[in-house]
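These figures come from a predicted structure and were not determined experimentally.
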Amino acid sequence: MLIYCLFIWYSLFTACSSPAKENRAQESKDTVFVEKKKVYENFEKGKVIDTVYCSNKSGYSFALYLPSTYDPQNKYPSLCLFDPHAKGSLPVKKYKDLAEKYGFILACSNNAKNGIIGTKMTEIYTAFLGDIQNRLSVDFKRLYVGGFSGGARIASSILLKENGYAGLVGCGAGWMKVKNPLQNKFTYIGFAGNEDFNLAELRALDAQLDSKLIPHTLVEFDGKHEWPAAELFEKGFIWLEFDAMKKGDKPGNDSLISAFVAEADKELKLLESKKEWYRLYGLYVRTIAFTEGLTDNTAYKNAMKTLSEKEEMKETMKAMQDIYLKEEQLKQEYSAYIQSKDEAWWKQEMGKFSAIIKSDKDKEIRAMYKRLTAFLSLMAFSNATGAIRFNELSGAQHFLKVYQVIDPENPEHAYLYGIVYLRQNMQDKALEYLEKAVKMGFSDYHRLLTEKDFALMQTNARFQELVKKAKENQ
């Protein structure tokens, strides 16, 4: 039995869109040219528009939010996002209040998602980004990209390959691998939950960037592999605002700087009182990165140096290193077991995981086992979908049994069972599992409608009812 995996590292995409050149009209024979005035489109302000169809390529669209103060006579910073499941309205609705507060154009592609690579992906994001730049009044010095998980990888590939983008907000995943040295000048802020299976990757990237001439920071939070809550993601907007101030692309804002410093001081005191040394050290690093070049942060630097020399801090750093080494070792071991161990064995192992997560006194150990569980869930999913793609249905069923044990509350394994049973000409059984998926919270009704395996069931009344209920789950 082979392991099938959908860990697709997107290939570096070719070209990214750039502002269209204005048409010019010759006024006289003396070669004097006058540019035609740009006329921007009139989109509704202060409201999330779920679907804006791309003008330069049919079939593509994006979700959009314009701040209520938007006026085409002015230029606005723009944050263009990518969601791994092409749910454009999800992050736009989640962060629209932040876009309003900081005066940003906020948009997210409805087409770019995991599994699309090469020229197809290039076509999608070129249409999306081209529309943002050509149809809206964008400040081209402040054009940013960002994303979550696979969406963060899409955004990073655009940023690293193309000039003209001022920064990246990456959540739940690091950068694409690049062979050439970094040439572009940009700023970067990353986000990762302490239960995110990609946390180690983001920490490694943050450490690597210490040797690069790129402003960067990493925001860690209590949470899993997900878009950060709006109150956390606000740090991304503040980071971009501060970077623009440092570059002279935006006037200084003393009140915003003072508010940030006051909040940081409050959080630093709280972590010190709790003796959470690792988080305290990380917050000092992040606060220094935010304030560098804007205000005197000498006190933070001195405090961080003093903290680093404490025995408690040294012991904490050693313990954290040991945890991450153990995590990588367990990932390698259990990845092999996905193929070779049966359902009963996995039940026993996941029982051990559950006991540790519930009762271990060390919260870093508990978080590590949650990351490991999430990683194994993804591995089981990847192998199952890979087997389905190659029509290895017995292998798919093995992986789905393991997947169900590892991540019992995830509706995805029930959905995939539906495909497997339908390929075995067991329509009633397929519908039974699709119903189970919907009851468990499956909400991607568009996927039900476009899944090739379900094409012949589109007129089935039971299937149509499932589509309706999946839509209601959103």
Side-chain angles (χ1 to χ4, degrees), residues 17 19 40-50 52 62-83 87-110 112 125 128-148 151-152 154-155 158-159 164-171 186-191 215 217 219 227-253 255-257 259-260 290 294:
S17 59
Y40 296 106
E41 293 182 49
N42 186 25
F43 294 102
E44 188 172 359
K45 298 179 289 186
K47 177 183 177 181
V48 174
I49 305 173
D50 289 339
V52 176
F62 55 92
L64 175 68
Y65 182 84
L66 298 179
S68 58
T69 55
Y70 177 81
D71 182 346
Q73 299 300 316
N74 301 319
K75 300 294 182 182
Y76 293 82
S78 304
L79 178 56
C80 302
L81 300 175
F82 297 89
D83 179 79
K87 295 181 178 179
S89 64
L90 190 158
V92 174
K93 288 178 179 177
K94 196 176 187 74
Y95 306 132
K96 66 178 179 62
D97 291 342
L98 296 174
E100 179 70 26
K101 180 177 179 178
Y102 293 99
F104 269 65
I105 294 170
L106 183 64
C108 184
S109 171
N110 286 326
Y125 76 66
F128 167 43
L129 297 175
D131 262 24
I132 297 299
Q133 297 175 52
N134 294 324
R135 300 169 71 184
L136 298 167
S137 188
V138 172
D139 180 350
F140 286 105
K141 290 183 179 179
R142 302 198 60 198
L143 182 57
Y144 308 103
V145 290
F148 162 62
I154 296 169
I158 296 168
L159 183 85
Y165 294 92
L168 169 65
V169 181
C171 310
F186 57 86
T187 189
Y188 169 71
I189 182 169
F191 290 85
T217 195
V219 178
W227 281 104
E231 57 266 26
L232 283 165
F233 199 76
E234 184 170 10
K235 289 180 171 60
F237 279 88
I238 295 173
W239 177 264
L240 299 180
E241 290 284 273
F242 281 7
D243 183 72
M245 293 179 202
K246 295 172 187 179
K247 293 176 179 175
D249 294 333
K250 176 184 174 63
N253 186 332
S255 62
L256 182 60
I257 296 169
F260 174 83
F290 266 88
L294 291 179

Whether Y102 and F237 hold their rings parallel, tilted or perpendicular, with breakpoints at 30° and 60°
parallel
Full working for side-chain contact (heavy atoms from CB on, under 4.5 Å) between K93 and D50
CA-CA 9 Å; K93 288 178 179 177; D50 289 339; 3.4 Å; yes
Any salt bridge (Lys or Arg N to Asp or Glu O under 4.0 Å) pairs touching residues 230-242, not counting sequence neighbours?
K101-E234, R142-E241, E241-K250
How many angstroms lie between atom OG of S109 and atom CD1 of I154, to the nearest 0.5 angstrom?
7.5 Å
Using side-chain heavy atoms (C-beta onward) and a distance below 4.5 Å, is C80 in contact with F128?
yes
d(L240 CG, D249 CG) to nearest 0.5 Å is 12.0 Å
What do the steps show when you test L64 against I105 for side-chain contact (heavy atoms from CB on, under 4.5 Å), and what is the final call?
CA-CA 8 Å; L64 175 68; I105 294 170; 4.0 Å; yes
To the nearest 0.5 Å, tell me how far F62 CZ sits from L129 CG.
9.5 Å
Determine, for D71 against K45, whether the closest basic-nitrogen to carboxylate-oxygen distance falls under 4.0 angstrom.
no
Any chance the side chains of S255 and N253 put a donor and an acceptor closer than 3.5 Å?
yes
Donor-acceptor pair, side chain of Y70 and main chain of S137, under 3.5 angstrom:
yes
Is Y125 close to V145 at the side-chain level, that is, under 4.5 Å between some pair of heavy atoms?
no
So, do Y76 and L136 sit near enough that their side-chain heavy atoms are less than 4.5 Å apart?
no
Please round to the nearest 0.5 Å and tell me the distance separating atom CG of D83 and atom CG of L90.
5.5 Å
Ignoring hydrogens and geometry, is there a side-chain-to-backbone donor-acceptor pair from D139 to K75 under 3.5 Å?
no
Using ring centroids (six-membered ring only for Trp), state whether Y95 and F104 fall under 6.0 Å.
no
Nearest heavy-atom contact between Y65 and K96 is CE2-O, 3.6 Å
Can you confirm whether or not the ring centre of F242 sits under 6.0 Å from the ring centre of F260?
yes
Identify the heavy atoms of C171 and P228 that sit nearest to each other, and give their distance.
SG-CD, 3.8 Å
Which is it for I189 and Y144 under the side-chain contact (heavy atoms from CB on, under 4.5 Å) test, yes or no, and what are the steps along the way?
CA-CA 11 Å; I189 182 169; Y144 308 103; over 6 Å; no
Residue pair A152 / G170: nearest heavy atoms and the distance that separates them:
CB-CA, 4.1 Å
side-chain contact (heavy atoms from CB on, under 4.5 Å) between W239 and T187: does it pass, once the steps are laid out?
CA-CA 9 Å; W239 177 264; T187 189; 2.7 Å; yes
Supply the atom-to-atom distance L106 CG to L98 CG, rounded to the nearest 0.5 angstrom.
8.5 Å
By side chain to side chain donor-acceptor pair (under 3.5 Å), S89 pairs with (sequence neighbours left out) none
Note, V92 side chain near L81 side chain (heavy atom, < 4.5 Å):
no
Ring centres of F191 and F233 under 6.0 Å apart?
yes
What are the two closest non-hydrogen atoms of M245 and P251, and how far apart are they?
CG-O, 3.7 Å
Ignoring hydrogens, what is the shortest heavy-atom contact between P215 and D243? Give both atom names and the distance.
CG-OD1, 4.2 Å
In terms of heavy-atom contacts, K141 and A166 come closest through O-CB, 3.4 Å
I'd like to know whether CG of N74 has more than 12 heavy-atom contacts from other residues, nucleotides or ligands below 6.0 angstrom.
yes
